[in-house]
Undergrad: 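Here you go, one structure.
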There are 2 protein chains.
Amino acid sequence: MPDTLRTEERISTRRTLTDEVMEKVQQMVRCGELRAGKLYSVYQLAEALGISRSPVRDGLLKLEAAGLVGFERNRGFRVTVPSARQIVEIFAIRLALEPPAVARVAAHRDPAVAGRLRQTMAAMEKAAASLDEPSFWAHDQDFHNTILTAAGNSQAATVVRDLRERTRLIGPGTTTAARSLPAVAAEHRPVLDAIAAGDGVTASARMRAHLEATGRLLSAQTAAVPSDDPGVDALWRDIVG
Amino acid sequence: MPDTLRTEERISTRRTLTDEVMEKVQQMVRCGELRAGKLYSVYQLAEALGISRSPVRDGLLKLEAAGLVGFERNRGFRVTVPSARQIVEIFAIRLALEPPAVARVAAHRDPAVAGRLRQTMAAMEKAAASLDEPSFWAHDQDFHNTILTAAGNSQAATVVRDLRERTRLIGPGTTTAARSLPAVAAEHRPVLDAIAAGDGVTASARMRAHLEATGRLLSAQTAAVPSDDPGVDALWRDIVG
DNA sequence: GGGTCACATGTAGCATGTTACGTGTGACTA
DNA sequence: TAGTCACACGTAACATGCTACATGTGACCC
């Protein structure tokens, strides 16, 4: 048995239509092609994508398990956008997981990780500068995922990734968010600097600050009603503080 | 429109075969009727359950999204039992989420919560005494879920519930675990006492101790190979400490 | 014996058919 | 006008048909 000729990719990982549906649906939501809260049917979506109902249903069921869509018997399904409260809860979870993780990464002093983060950082800033929101969030995703994975807890990385997919569905093209993209990007650099310096405590504190800032931005954005502004603050006190 | 005659349950929540499959599969794994790691097919399971392949596949796909089973193209599916490392990672997540939550609950001093926990506690001890493992873990589940929900973070409650489902699949009938059931149950009471006393700091510390003890038990149990014992300790140092 | 290779077998993935049911609509009643 | 109710419509849930393919087996060659 010659074991030269190495397979360049896991064969069983061949993309399936179900996977493509999952990705496509999320992309459609982010582009505003699918509106959150509106009722759609598997029939519609299957025809729109030019495939049969099975992989569409399969993909949507998986997304349902992740909390991204909800089915209503004999009615249809809808994309479930998280409430302001849910967003705060999600960030509370991230605040519990990510600051400690970044401290561990800083302590490791692994140049490979720092290098990768630097690369991601640059790409993120570039995307922010050109207000390319999809690209920006993808790199942001990568930044946080790299840290959690490097900290040695891939389960936590998965959990955060799933939670983050939820928050990515809000405000597809909100100018408010787009305008503050460079600001959000800027919050990452101090974290990276502290990691590179091996200063875990500072890195942790900066990550915490970044998450709180981003979380407040997103939750306030969701609670679009002006009278909800104090409500959002109260939520943060209740759930995080 | 008379709104007496209130519906006693959300109509759309009518149990679907897909849901029953999900529950049944987990139960079968816990009873040893399905063995982790072994290859099964949707055909087999559908026939065994006396239903068609669709709801079986649907349920398994949802479980796959939760990380409980894995499909292999044209081969079958298998129940994925977590490795020792994954168990440690899961408990690291729980250690980040539950101690702070229990501190908040203690600070609330809500008698209703305390009452409910006392009830659960009693049921858990009873199940432990009669070595009824399924019942025991169900009540344990309820105990932790009540705390996280009462702490105001239902998203965290969901996350922990999903993580916990994973660890529930290991060792269906391991005598080692069954023997230590009363011990695990006993660890809960001090937590409850601290909550009732409104002592958040103590409650938090006790919850931490409980999670570490349970986590070490489960991870050591999974790493059945004797030479892995030091490995498990190393994992805990790496991931948690 | 060690290696290849054609083939039977069983499966996930995908497509399509069927059924029960939640909902909106509009006629009908009082 | 306000309430009810029969009915058409669209849908998820469920059942079944079809296909490409990953694998094990055994014949075949060197």
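Chain identifiers are assigned alphabetically (A, B, ...) following the order of the sequence lines, protein sequences preceding nucleic acid strands; residue numbering begins at 1 within each chain. Treat the numbers as computed from the prediction; the structure is a model and nothing was measured.
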Undergrad: Keeping to residues at least two apart or across chains, list the ring pair (Phe, Tyr, Trp, His ring centres under 6.0 Å) pairs with something in residues 144-168 of chain A.
TA: His144(A)-His188(A), His144(A)-His210(A)
Undergrad: Under the side-chain hydrogen bond (donor to acceptor under 3.5 Å, both in side chains) rule, what pairs show up with a residue in residues 33-47 of chain A, not counting sequence neighbours?
TA: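 Checked against side-chain hydrogen bond (donor to acceptor under 3.5 Å, both in side chains) - neighbours excluded - no pair reaches residues 33-47 of chain A.
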Undergrad: Please work out if Tyr43(A) contacts a base, only the sugar-phosphate, or nothing of the nucleic acid, heavy-atom cut-off 4.0 Å.
TA: base
Undergrad: Could I get the full list of side chain to side chain contact (heavy atoms under 4.5 Å, CB included) partners for Asn74(A), not counting sequence neighbours?
TA: none
Undergrad: Please collect all side-chain hydrogen bond (donor to acceptor under 3.5 Å, both in side chains) contacts where either partner lies in residues 51-64 of chain B, sequence neighbours excluded, each pair once.
TA: Arg57(A)-Asp58(B), Asp58(A)-Arg57(B), Lys62(A)-Glu64(B), Glu64(A)-Lys62(B)
Undergrad: Would you please name every residue forming a salt bridge (Lys or Arg N to Asp or Glu O under 4.0 Å) with Arg116(A), sequence neighbours left out?
TA: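 So Arg116(A) forms a salt bridge (Lys or Arg N to Asp or Glu O under 4.0 Å) with Asp142(A).
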Undergrad: Can you sort out the partners of Gln155(B) under side chain to side chain donor-acceptor pair (under 3.5 Å), two or more places apart, ordered by chain and number?
TA: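 So Gln155(B) forms a side chain to side chain donor-acceptor pair (under 3.5 Å) with Arg166(A).
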Undergrad: Can you confirm whether more than 12 heavy atoms, excluding those of Gln119(A), are under 6.0 Å from its CD atom?
TA: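 At most 12 heavy atoms, drawn from other residues, nucleotides or ligands, come within 6.0 Å of this atom.
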Undergrad: Please enumerate all protein N or O atoms sitting under 3.5 Å from an N or O of nucleotides 6-10 of chain C, with distances to 0.1 Å.
TA:
none

Undergrad: What parts of residues 49-56 of chain B reach DNA chain D, counting only heavy atoms under 4.0 Å away?
TA: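 The stretch gives Ser52(B), Arg53(B), Ser54(B), Pro55(B) as the residues lying under 4.0 Å from the strand, ordered by number.
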Undergrad: Rounded to whole angstroms, how far apart are CD on Glu72(B) and C1' on dG13(C)?
TA: 15 Å
Undergrad: What is the distance, to the nearest angstrom, from the CG atom on Leu45(B) to the P atom on dA15(D)?
TA: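 It works out to 13 Å between those atoms.
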Undergrad: Among all residues two or more places apart in sequence or in another chain, which pass the salt bridge (Lys or Arg N to Asp or Glu O under 4.0 Å) test with Asp140(A)?
TA: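 Expected list: Arg164(A).
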